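Please read through the structure below; I'll follow up with questions.
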Amino acid sequence: MALSHLSSSSPSRCANLLKLLSSAISLRRPISTDTTPITVETSVPFTAHQCEAPSRTVQTNAKELATFFRDMVVMRRMEIAADSLYKAKLIRGFCHLYDGQEAVAVGMEAALTKKDCIITSYRDHCTFVARGGTLLEVFAELMGRQAGCSKGKGGSMHFYKKDSNFYGGHGIVGAQVPLGCGLAFAQKYCKDEAVTFALYGDGAANQGQLFEALNISALWDLPAILVCENNHYGMGTAEWRAAKSPAYYKRGDYAPGLKVDGMDALAVKQACAFAKEHALKNGPIILEMDTYRYHGHSMSDPGSTYRTRDEITGVRQERDPIERIRKLILSHDLSTDKELKDIEKEVRKEVDDAIAQAKENPVPEPSELFSDVYAKGLGVESKYMQKSIYRHKGDELPSQAFGYNNPSEH
Amino acid sequence: MATGFHGVGAAVAALSSSPSNSFDSKKLLCSPRRSFPVRKGASFVADRSDGSVNLDLNPKARRAQQLIVNAVANKADSSPASSSSKPGHELLLFEALREGLEEEMDRDPRVCVMGEDVGHYGGSYKVTRGLAEKFGDLRVLDTPIAENSFTGMGIGAAMTGLRPVVEGMNMGFLLLAFNQISNNCGMLHYTSGGQFTIPIVIRGPGGVGRQLGAEHSQRLESYFQSIPGIQMVACSTPYNAKGLMKAAIRSENPVILFEHVLLYNLKERIPDEDYICNLEEAEMVRPGEHVTILTYSRMRYHVMQAAKTLVNKGYDPEVIDIRSLKPFDLHTIGNSVKKTHRVLIVEECMRTGGIGASLTAAITENFHDYLDTPIMCLSSQDVPTPYAGTLEEWTVVQPAQIVTAVEQLCK
């Protein structure tokens, strides 16, 4: 994801030559490798509950900022492309887009290692990519193809990546939080010295199972961090209409909480690093990310019946996470406007290529209907059932679907 | 496959007719105890019907496993062999469950227990008594009364590779965790494209007890049976309770183990050696020729009591404890149907949408040609279980009704 990949994947020699020339001319170290520390202040201070807020001053460097920029551009482009694919009826069912909230995924990833677990709700495309998922896996899964991360059998709401400890991807609001506390329990049980970030929205914050899970996590001192991605709307219901107390970071009561500007990737990074340290020592903590989604709740929601277009454009102009990083990069003279635009063009091509590749990918085989229902094969009865399904269809029976061919043999 | 069974015939031992918990299953001639040849040095013996390889076995035991099938088919072999095996030890069903659980916790450090009052209190039915003292607070966890979340936590832990055993103090309470069981436990293996397995065991007592009231007398197997991706088993004797508990814990799939409130004090002599019961296998309780009676859990004992009367009247019922509620062991059941051509299902679920309803459909679809007469299914009434003792007795199937049903079937 870093800019270093960019130079290696660039096809034309001309581009490489140009890059050499420009860096030679400007006598500037390439942004992709520059790790000299830069100190930045978050625009909004942290608000704390039952704990001491971390400092507003965040350490970063050019390399990290470049990574943030590129990753967020990929995510933004990916979500916009998904929007078009959905309208073209290549993606069906539910599609919940994350554009506007990219800073949370990117900032969180910067503070964590792959040993830490992340679990989230159905708005999971960008979190999956932040954890190392590829664009092909995303688009193939969205279009229900074999190359998808869940072999096309999960869909938009069921992205998982076990090898990077990304646990999905859950359709039922709030159900992922007890799962997340279970992940934290396993980490404590196995003495992993790692933490779990369980993400949920402002709508899910009113689920009882959250408080149950928080209670158990606090009792057992689990390294669980509950992150409320507060985009201020639970589908069509604004937070003040759904929650008597919309101060979600305070709702843990006995558990400490922190309110964070979720549109500022550096603030998110600072808060997550703070939370990780806290959870390893003291048990669960709640983070409230003040963020915003530009799209509606899902593709079937225009997103404008419960909020004004002025509000949406206002946030886009003043708080957009990508623009913030762009301004930071330009003001610190780490790159030029043209270079950043080149990155955006390249990302656009990358996304288009992935979509083209995904479109070529085949749909799952019919036998996949029955695979992965159980680990290690199906029960006896299921084999009988499959036989009758295929008999009805008049199709040839796939050989592996049928356990033994003639019971009278036994 | 089937238990080595001898002495079929008229002389069925008198069953204690008292409705109390103290069934002594030893008195039953048709004891479900498995007789198997002695094999010194085998790591353990697996009870399997088709001789399929169990990867856990060492090569010696694997060869031995193939011998089991032959021994069972030939009754003459089993009798002297079994009597020279170790005498085993006697215990109650809840102790057998505990023994199975403890052995698995010793064997695999990833196994942990979660539930209400399972730790310091020792378990409301004493299944986990002593385990917290032995294994500590991190492996035997007392949870608050929050079924939805602690079941979810168990599933989350299972996603990482831990093997939790989640106890519902009464199966009925697990309705609060239905979402977690259905969507996460059952479906995550599929929706993640096979990335995650959920090796969790969810267990607890259910069924109609002694005037426990409607909410504490539920039969959750009928509600859970449609959930794809889970396995369901029901234990009925100390032998199969321990065997199924161990097999469930070792299984990579989520398993729901249904115990029954009234069966915890059954006493039986079980083997000393390590054994498991195949999760997908039914148990032949009493071979016969005239009619196949399919049952499970507590109703097995009502069926056996009726069998006593039936044998006296000259009938020869074949009684199968289906044990595996999902998936059904259609192999064993099919073979029986092909032999007797008459099927009676006796279950504790309610008439509508119960295990019996599904089993009727499965048998009809697969073995229609072998049936001489439509399948009869005796179930509980479609009512909330009343408190009054007489009414409660009328909601569940009683032995007299079973006798009448067989007489009707065999006309």
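Small disclaimer: the values here were computed from a predicted structure and weren't measured. Residue numbering restarts at 1 for every chain, and letters A, B, ... go by the order of the sequence lines.
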Query raised in the report: Hey, which of A:Lys162, A:Lys161, A:Glu141, A:Met157 has the most heavy atom pairs under 4.5 Å with chain B?
Result: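 Ranked by heavy-atom pairs under 4.5 Å with chain B, first place is A:Lys162.
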Query raised in the report: Out of curiosity, A:Ile216 CD1 to B:Leu141 CG, how far, rounded to the nearest 0.5 Å?
Result: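 Rounded to the nearest 0.5 Å, the CD1-CG separation comes to 9.5 Å.
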Requested in this report: Working to the nearest 0.5 Å, report the span between CE of B:Met187 and NZ of A:Lys153.
Outcome: 13.5 Å
Requested in this report: Might you confirm whether atom CZ of A:Phe94 has over 12 heavy atoms from other residues, nucleotides or ligands at distances under 6.0 Å?
Outcome: no
Requested in this report: To the nearest 0.5 angstrom, please state how far the CG atom of B:Asn183 sits from the NE2 atom of A:His170.
Outcome: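 It is 10.5 Å, given to the nearest 0.5 Å.
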Query - Shortest non-hydrogen contact from A:Phe185 toward B:Ala157 - result: CD2-CB, 4.0 Å
Query raised in the report: Under a 4.5 Å heavy-atom cut-off, does chain A meet the side chain of B:Thr197, its backbone, both or neither?
Result: side chain
**Report entry** Which atoms of A:Ile119 approach chain B - backbone, side chain, both or neither, heavy atom under 4.5 Å
**Finding:**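 It is neither, since no heavy atom gets under 4.5 Å.
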Report summary line: Closest non-hydrogen atoms of A:Glu212 and B:Glu147, given as atom of the first, atom of the second and distance, are OE1-N, 4.3 Å
Report task. For the residue pair B:Ile155 and A:Pro178, establish whether any side-chain heavy-atom pair is separated by less than 4.5 Å. Result -> no
Query - Among B:Ile230, B:Ile198, B:Asp137, B:Leu176, residue most engaged with chain A (heavy-atom pairs, under 4.5 Å) - result: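 Heavy-atom pair counts peak at B:Ile230.
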Query raised in the report: Can you tell me how far the OG atom of B:Ser149 sits from the CG atom of A:Leu214, to the nearest 0.5 Å?
Result: 10.0 Å
Requested in this report: For residues A:Leu179 and B:Gly152, report the shortest heavy-atom separation together with the two atoms involved.
Outcome: CD2-O, 3.2 Å
Query raised in the report: Atom CE of B:Met153 and atom OG of A:Ser217: how far apart are they, to the nearest 0.5 Å?
Result: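 Rounded to the nearest 0.5 Å, the CE-OG separation comes to 5.0 Å.
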Requested in this report: Could you tell me which portion of B:Leu188 (side chain, backbone, both or neither) has an atom closer than 4.5 angstrom to a non-hydrogen atom of chain A?
Outcome: side chain
Query raised in the report: With only heavy atoms counted, which part of B:Leu138 is less than 4.5 Å from chain A, the side chain, the backbone, both or neither?
Result: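 Interface part for B:Leu138: both.
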Requested in this report: Examine the side chains of A:Tyr189 and B:Arg139 and answer whether a donor and an acceptor come within less than 3.5 Å of each other.
Outcome: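 Yes, because at least one side-chain N or O of A:Tyr189 sits under 3.5 Å from a partner of the opposite role on B:Arg139.
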Query raised in the report: Any sub-3.5 Å donor-acceptor pair from B:Gln180's side-chain atoms to A:Ala175's backbone N or O?
Result: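 Answer holds: yes.
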Report summary line: Cut-off 4.5 Å, heavy atoms of chain A, and the answer for B:Met114 is side chain
Query raised in the report: Side chain, backbone, both or neither: which part of A:Ile172 has a heavy atom under 4.5 Å from chain B?
Result: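 Contact with chain B is through the side chain of A:Ile172 alone.
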Query - Proximal component of A:Gln187, with respect to chain B [non-hydrogen, under 4.5 Å] - result: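 Neither part.
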**Report entry** Greater than 12 external heavy atoms within 6.0 Å of A:Phe211's CZ
**Finding:** yes
Query raised in the report: Does any N or O in the side chain of B:Asn253 come within less than 3.5 Å of the main-chain N or O of A:Ala375, such that one atom is a donor and the other an acceptor?
Result: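 Yes: the side chain of B:Asn253 pairs with the backbone of A:Ala375.
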Query raised in the report: When you measure from the side chain of B:Gln231 to the backbone N and O of A:Tyr374, does any donor-acceptor pair fall under 3.5 Å?
Result: no
Query raised in the report: What closest approach, in Å, do A:Leu369 and B:Tyr190 show between heavy atoms, and which atom pair accounts for it?
Result: O-OH, 3.1 Å
Query - Spacing of CD belonging to A:Gln207 relative to CG belonging to B:Asn148, to within rounding of 0.5 Å - result: 7.5 Å
Query raised in the report: Closest approach of A:Asn215 and B:Pro144, non-hydrogen atoms and distance?
Result: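 Nearest pair, atom of A:Asn215 first, then B:Pro144: ND2-CG, 3.7 Å.
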Query raised in the report: Contact part of B:Pro109 toward chain A, heavy-atom cut-off under 4.5 Å: side chain, backbone, both or neither?
Result: backbone
Query raised in the report: Taking all non-hydrogen atoms of both residues, which atom of B:Gly156 and which atom of A:Leu183 are closest, and how far apart?
Result: O-CD2, 3.2 Å
Query raised in the report: Among B:Ser324, B:Ser192, B:Gly194, who wins on heavy-atom pairs under 4.5 Å with chain A?
Result: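 The candidate making the most pairs under 4.5 Å is B:Ser192.
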Query raised in the report: chain B heavy atoms under 4.5 Å from A:Leu219: which part of the residue, side chain, backbone, both or neither?
Result: side chain
Query raised in the report: For A:Cys117, is it the side chain, the backbone, both, or neither that has a heavy atom closer than 4.5 Å to a heavy atom of chain B?
Result: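 It is neither, since no heavy atom gets under 4.5 Å.
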Report task. Return the orientation label for the A:Tyr167 and B:Phe196 ring planes: parallel under 30°, perpendicular over 60°, tilted otherwise. Result ->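 Ring orientation, 0 to 90° scale: parallel.
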